Protein chains: 2
Amino acid sequence: MPRKQTTKTPPRRPDSDRAHSSTVEDYLERILELINTKGYARVVDIAESLQISQASVTNMVQKLDAEGLLNYERYRGMILTTAGQTLALNITRRHQLLTDFLGLLGLEDNVIYRDVEGMEHHISAPTVRAIEALTEQLKRQPALLERVRTAAQQ
Amino acid sequence: MPRKQTTKTPPRRPDSDRAHSSTVEDYLERILELINTKGYARVVDIAESLQISQASVTNMVQKLDAEGLLNYERYRGMILTTAGQTLALNITRRHQLLTDFLGLLGLEDNVIYRDVEGMEHHISAPTVRAIEALTEQLKRQPALLERVRTAAQQ
DNA sequence: AAAGAAAGTTAGACGGGGCTAAGATTATTT
DNA sequence: AAATAATCTTAGCCCCGTCTAACTTTCTTT
């Protein structure tokens, strides 16, 4: 193997790129969903929804409180702050959009669910807009969609 | 807040769901790319490509060797095993597909790059097929694409 | 063939996010 | 109002993937 070349370990890129981790987005999404459906989000419900232990939820909720994404009162409950709501709505919107889009392509629900769960954290605003626009157009092209579904069917 | 309900912390889901982490996929993808372009993948190059320290690369490469994804010889170099190649090709294909697809929608290169980098790890085989089929169809619909691009342009 | 430079490795630490076990608090039964 | 059940919290641990500092090996120069 040859040598010689610009070397040296490169400088680290700061993580201010995405303000919040996928994990944080997941929590907020579920919390909002619980609030919308049951009126409140309890630790036990969040744990159930995310399939993790209650202890982990308590930990994270305390962190989310510290980050100003929700107001949390020990043993009592939590509500989303404006910042938290904004984030939760944002991720929810991305989730819904991707779900609709993949549904249009004829994918199975469980496949959609899994893929969306992963992708939703990595789709930027411009891409959201583009896929929204595409979805709009596709809805008016049933013949095209039919061809896609057929072709994709293994 | 109400109580009463099925309780108990749920059982953990085993991580055998996705055999390899996004991180592993990222490494393999870069290693394959380096091998294809320069003929070999050195620790220093992988580090540069991934923007992480050489030490981290050495660590991971040893782990990839242990997992049978590549054969690694201390101080000397590495080559992908068949398993490693398969995985690398697979992720590369997903990367390319997503890049093409988003490109079709008229998104900017840097946006595409960032989003694809994140999404490529979360797109299952069926979804790959569906997007492939969709891409095929879209290429034949310049007018539709034009409408999408225009609409997406904020 | 030294000496210096580049590349690679090891050791030890750290943050994120998960877990279990045990204890504290709140709600529900009796 | 006890007693019991459900929920929540804390403490301590673990794994992953990253880092820095120091050291070793290999390559390039001279």
Side-chain angles (χ1 to χ4, degrees), chain A residues 1-28 30-31 34 38 40-67 69-70 72-78 121, chain B residues 1-28 30-31 34 38 40-67 69-70 72-78 121:
Chain A
M1 261 149 228
R3 280 296 169 85
K4 182 76 175 196
Q5 213 170 35
T6 312
T7 307
K8 250 172 192 175
T9 299
R12 293 269 48 211
R13 172 170 50 90
D15 200 10
S16 46
D17 274 23
R18 189 172 70 236
H20 304 286
S21 68
S22 305
T23 307
V24 166
E25 292 187 341
D26 277 334
Y27 273 90
L28 292 176
R30 301 308 178 97
I31 290 170
L34 285 167
K38 323 188 43 167
Y40 49 87
R42 297 183 308 171
V43 168
V44 68
D45 297 326
I46 300 168
E48 162 65 22
S49 171
L50 254 20
Q51 293 286 287
I52 60 182
S53 73
Q54 293 185 200
S56 300
V57 173
T58 297
N59 271 353
M60 180 57 79
V61 160
Q62 287 171 349
K63 183 177 305 184
L64 295 178
D65 177 290
E67 288 182 23
L69 295 171
L70 51 77
Y72 167 64
E73 208 172 335
R74 240 154 128 274
Y75 288 109
R76 304 253 100 230
M78 71 197 77
H121 306 292
Chain B
M1 256 149 234
R3 275 300 168 82
K4 183 76 177 192
Q5 212 169 38
T6 311
T7 305
K8 245 161 196 180
T9 299
R12 290 271 47 212
R13 169 173 52 92
D15 200 12
S16 47
D17 273 26
R18 188 171 71 236
H20 305 285
S21 68
S22 304
T23 307
V24 165
E25 292 187 340
D26 277 333
Y27 272 90
L28 292 175
R30 301 308 177 99
I31 290 170
L34 285 168
K38 322 188 46 167
Y40 49 87
R42 297 183 309 172
V43 168
V44 67
D45 297 325
I46 300 168
E48 161 66 23
S49 171
L50 252 23
Q51 293 285 288
I52 60 182
S53 73
Q54 294 184 200
S56 301
V57 172
T58 296
N59 271 354
M60 180 56 79
V61 161
Q62 288 171 349
K63 181 176 303 182
L64 295 178
D65 177 290
E67 288 183 24
L69 296 171
L70 51 77
Y72 168 63
E73 208 171 335
R74 240 155 127 273
Y75 288 110
R76 307 252 95 233
M78 71 198 74
H121 306 293

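For the numbers below, each heavy atom of this structure counts, side chains included, while hydrogens, waters and symmetry mates do not. Computed from a predicted structure; not experimentally measured. In what follows, chains carry the letters A, B, and so on, assigned in the order in which the sequence lines appear, proteins first and then strands, with residues in each chain numbered from 1.
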Select from R74(A) and K63(A) the residue whose nearest nucleotide in DNA chain C is closer to the 5' end of that strand.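 Going by which nucleotide is closer to the 5' end, it is K63(A).
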
CA sep, side-chain torsions, deciding dist, call: L69(A), H20(A), side-chain contact (heavy atoms from CB on, under 4.5 Å): CA-CA 10 Å; L69(A) 295 171; H20(A) 304 286; 3.9 Å; yes

Closest heavy-atom pair and its distance - D26(A), L50(A): O-CD1, 4.3 Å

A41(A) and L34(A): which non-hydrogen atoms are nearest, and at how many Å? CB-CB, 4.0 Å

Evaluate side-chain contact (heavy atoms from CB on, under 4.5 Å) for I46(A) paired with M78(A), printing each intermediate quantity in order. CA-CA 12 Å; I46(A) 300 168; M78(A) 71 197 77; 3.8 Å; yes

Between [N] ([atom2]) and [X] ([atom1]): distance, integer Å:
| X | N | atom1 | atom2 | answer |
| --- | --- | --- | --- | --- |
| L28(B) | dG17(D) | CG | P | 12 Å |
| E25(B) | dC16(D) | CD | C1' | 16 Å |
| Y40(A) | dC8(D) | OH | C1' | 15 Å |
| D45(B) | dG8(C) | CG | P | 7 Å |
| E67(B) | dC16(D) | CD | C1' | 12 Å |
| Q54(A) | dG23(C) | CD | C1' | 14 Å |
| Y75(A) | dA5(D) | OH | P | 19 Å |
| M60(B) | dG8(C) | CE | C1' | 17 Å |

Sequence neighbours excluded, which residues qualify as side-chain contact (heavy atoms from CB on, under 4.5 Å) partners of S49(B)? R30(B)

In chain order, what residues pass the side-chain hydrogen bond (donor to acceptor under 3.5 Å, both in side chains) check against D65(A), with sequence neighbours excluded?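 Here no residue qualifies.
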
How would you label the contact of T23(B) with the nucleic acid (heavy atoms, under 4.0 Å): base, sugar-phosphate, or nothing? sugar-phosphate

Phosphate OP1/OP2 of [N]: any [X] side-chain N/O under 4.0 Å:
| X | N | value |
| --- | --- | --- |
| S53(A) | dG18(C) | no |
| R76(A) | dT25(C) | no |
| Q62(B) | dT10(C) | yes |
| S21(B) | dG17(D) | yes |
| S56(A) | dG17(C) | no |
| Y27(A) | dG18(C) | yes |

Could you give the distance from CG (L28(A)) to CD (E25(A)), rounded to the nearest 0.5 Å? 8.0 Å

Side chain of A55(A), heavy atoms from C-beta onward: which of dT10(C), dG8(C), dT20(C) has the nearest atom to it? dT20(C)

Enumerate the protein-to-nucleotides 12-14 of chain D contacts in which both atoms are nitrogen or oxygen and the separation is below 3.5 Å.
none

